[in-house]
Amino acid sequence: MKKIKTKSMSLRKKMILAFCLPTILLFLVNMMLYLGTTRVLNSLDAVYSSNNDLNQLSVGLDSLQTATEGYLNTKTSDALEQYYIREEEYRDLLIAIDDNSDENENRVIERNIKRMSLNYLDLTNQAVESKRGGNVEKYKSIYEEATRTFGYIDSSINSLNNRQFVNNSKSYGAMMAALQTIERLNIVTLVIIGLANLAFVVLIASTIADPLVRLAATANTVSGGDFDVQLPTVRSNDEVGVVTMAFNKMVLSIKDYIKQLTESMEATRKLRENELIMENHVKDAELKYLQSQINPHFLFNTLNAGAQLAMMEGADRTSNYIQRVADFFRYNIKKNKDVVTLKEEIELVDIYIYIINVRFAGEIQFTKEIDEGLLDIKIPSMILQPIVENSINYGLRNIEWTKKIKLSVYELGDYACVSVKDNGTGIERETIERILDGSYVSTPNKSGSNGVGLNNCIERLNIFYERDDVLDIISEGKDKGTETILYLPK
């Protein structure tokens, strides 16, 4: 184990050294070239800066002379404003001229230009002030002197500019020669380092690349999902050999893991299938149980009312009544249907209202407002009739005023809303909350009840739509009536 570690460390050091030396050398050479190039470029920037300054001074002098002539010729406020602007600009340019005592000829000319410029500014200012004061003879003589001074200054600037341009051109040529030397040195250095790197690459390819190529080919095959590939042979104890051994162990481990995972997934799939079957059975049993809770007391009451009607009047009305009763119970037991259309539920409500009005001498005024386009929506059976029955038993039965129930079906966003609204005694807010959360216990022996209470309806709606907000109850208080609203997804 110690021998393997020693060899691995030796190879690592050689690789680090072989990579670092060319890189360090390249970095040092490039830094030297960068610093030399930067100095040359900075010098190039400064070569013609003196010419640029003289050009700006010449332009400023011309602008001031033009502004002075403009005011003396027009005497307008705009021209005067332009003169003061140009005068201020030219004074700022003169500040950059150094008042040194250097006896260099160029420096002497610069100082002369500055002195003549200050004198020129004084003359132009006197000419402008004389013009403003209306002294024609004075401003003309001063302006003529200022114009002669302008000519001297302009001539001196051009002369100095030409002298400096000659000197700067010589400096520019020397700097460009130095820059070309640096460029050639850079090319030679890069060629040397490139050849050294090429030799190193050839060495690396002969000692490391071949095992890596074989390892990469095997890894590519494995990445395609083929784990039955022949694993590469470990021929050395260096880093490449360590990586190859680790790769071989990884492939074997993945093969074992895939086998175990496949077996586990198959077992999980079978278990999930059994759970789904059980869930379906439980849900079906819950629905069947909830729908089977019909109190036969309702049947006896309705049939008794039919018998009383037969005694009081002719057989036609009795036959019609008993037929409606038969239709009502036929709806409950036909083929044990769990899901019906909204249209079928409304038809059952019509039958139920007919039966109730026969029993209670037509006391209930039933109205409908239906959106015909929503009647094909699916809904659990025996939902609307228990809600209407609840309105009659708990809202309308004992009131003294006209008993009214309105059934509405309308569209609201993504929902079809079914509203059952009465004008009865109303429900307190606490009772509504208890009904909605399932904690309310209704009176078990209400006369005429079919046994399918509001709690039963809420539970079946929640199971069917897998939501807890399908039904809502609204009441403004005592004797203000009650509205029950279903929100059915379209």
Side-chain angles (χ1 to χ4, degrees), residues 286-287 289-298 301 342 345-346 348-349 352-353 355-357 359-360 363-369 379-410 412 415-489:
E286 288 176 347
L287 289 171
Y289 173 76
L290 291 172
Q291 287 183 308
S292 66
Q293 300 178 24
I294 299 178
N295 189 343
H297 186 70
F298 176 78
N301 283 345
L342 187 56
E345 280 290 282
I346 294 174
L348 180 66
V349 170
Y352 174 73
I353 290 295
I355 295 172
I356 289 298
N357 268 330
R359 290 174 57 193
F360 295 103
E363 291 182 347
I364 299 173
Q365 296 182 8
F366 179 63
T367 57
K368 295 186 294 184
E369 186 175 330
I379 185 174
S381 63
M382 289 298 293
I383 292 294
L384 294 187
Q385 183 272 329
I387 294 175
V388 174
E389 178 181 8
N390 192 75
S391 293
I392 294 173
N393 288 340
Y394 295 95
L396 303 180
R397 180 179 294 274
N398 297 318
I399 65 174
E400 301 298 330
W401 55 91
T402 303
K403 302 175 175 63
K404 297 180 180 180
I405 294 180
K406 181 178 180 180
L407 174 64
S408 304
V409 179
Y410 55 91
L412 182 63
Y415 298 93
C417 294
V418 181
S419 167
V420 176
K421 186 174 184 179
D422 64 62
N423 66 334
T425 57
I427 306 178
E428 294 181 355
R429 187 61 209 171
E430 290 184 9
T431 304
I432 292 176
E433 292 176 355
R434 288 166 58 198
I435 292 173
L436 294 178
D437 64 24
S439 61
Y440 179 75
V441 180
S442 60
T443 304
N445 58 351
K446 273 284 184 181
S447 177
S449 173
N450 71 347
V452 183
L454 202 55
N455 287 346
N456 182 294
C457 295
I458 294 174
E459 290 178 26
R460 288 195 291 131
L461 286 170
N462 292 342
I463 293 174
F464 184 79
Y465 292 109
E466 298 182 350
R467 291 173 42 232
D468 296 331
D469 56 351
V470 180
L471 182 142
D472 194 15
I473 301 175
I474 301 172
S475 179
E476 296 181 0
K478 182 175 177 59
D479 296 336
K480 295 292 183 65
T482 303
E483 182 179 14
T484 302
I485 304 177
L486 304 183
Y487 296 95
L488 310 178

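Along the sequence shown, residues are numbered consecutively beginning with 1.
Remark: E433 CD is packed, more than 12 non-hydrogen atoms of other residues, nucleotides or ligands lying under 6.0 Å away. Shown here is K403, whose NZ atom has more than 12 heavy atoms of other residues, nucleotides or ligands within 6.0 Å. The local environment of OH in Y465 is crowded, with over 12 non-hydrogen atoms from other residues, nucleotides or ligands closer than 6.0 Å. Annotation for E476: atom CD does not count as buried by contact number, only 12 or fewer foreign heavy atoms lying within 6.0 Å.
Taking the side chain as every heavy atom from C-beta outward, F464 and V470 never approach each other to under 4.5 Å.
Nearest heavy atom pair, residue K368 against residue I346, reads CD-CG2, 4.2 Å. Here the closest non-hydrogen pair linking R467 and Y487 is NH1-O, 3.8 Å. Heavy atoms only, all atoms of each residue included: Y410 and S419 are closest at CE2-CB, 4.2 Å.
E345 places a side-chain N or O within 3.5 Å of a backbone atom of M382 that can act as its donor or acceptor partner. The backbone N or O of I474 lies less than 3.5 Å from no partner atom in the side chain of T484, so there is not a single donor-acceptor pair. For the pair S475 (side chain) and I427 (backbone), a donor-acceptor distance under 3.5 Å is present. Remark: the backbone N or O of S381 is paired with a side-chain donor or acceptor of R460 at under 3.5 angstrom.
Between R434 and E430, no side-chain nitrogen of the basic residue sits less than 4.0 Å from a carboxylate oxygen of the acidic one, so the salt-bridge criterion is not met.
Here the straight-line distance linking atom CG of D422 with atom CZ of F366 works out to 12.0 Å at 0.5 Å rounding. Rounding to the nearest 0.5 Å gives a distance of 12.5 Å between OG1 of T482 and OH of Y394. With rounding to the nearest 0.5 angstrom, the CD1 atom of I485 is 6.0 Å from the CG atom of D472. Separating the CG atom in L396 from the NZ atom in K404 is a distance of 11.5 Å, to the nearest 0.5 Å. Rounding to the nearest 0.5 Å places CG of D469 at 11.0 Å from CG of L461. Residue I387 holds its CD1 atom at 5.5 Å from CG of L384, rounded to the nearest 0.5 Å.
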Trace of the side chain to side chain contact (heavy atoms under 4.5 Å, CB included) decision for N423 with I405: CA-CA 7 Å; N423 66 334; I405 294 180; over 6 Å; no
Can T402 and Q365 be said to form a side chain to side chain contact (heavy atoms under 4.5 Å, CB included), step by step? CA-CA 8 Å; T402 303; Q365 296 182 8; 3.2 Å; yes
Under the side chain to side chain contact (heavy atoms under 4.5 Å, CB included) criterion, do T425 and N398 qualify, and how do the steps go? CA-CA 8 Å; T425 57; N398 297 318; over 6 Å; no
Hey, mind stepping through L407 and V388 against side chain to side chain contact (heavy atoms under 4.5 Å, CB included) and telling me if it holds? CA-CA 9 Å; L407 174 64; V388 174; 5.7 Å; no
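When each of I383, I435, N462, L436 is tested with L471 by the rule side chain to side chain contact (heavy atoms under 4.5 Å, CB included), just one qualifies, namely L436.
Between the side chains of E369 and S408, not a single donor N or O lies within less than 3.5 Å of an accepting N or O.
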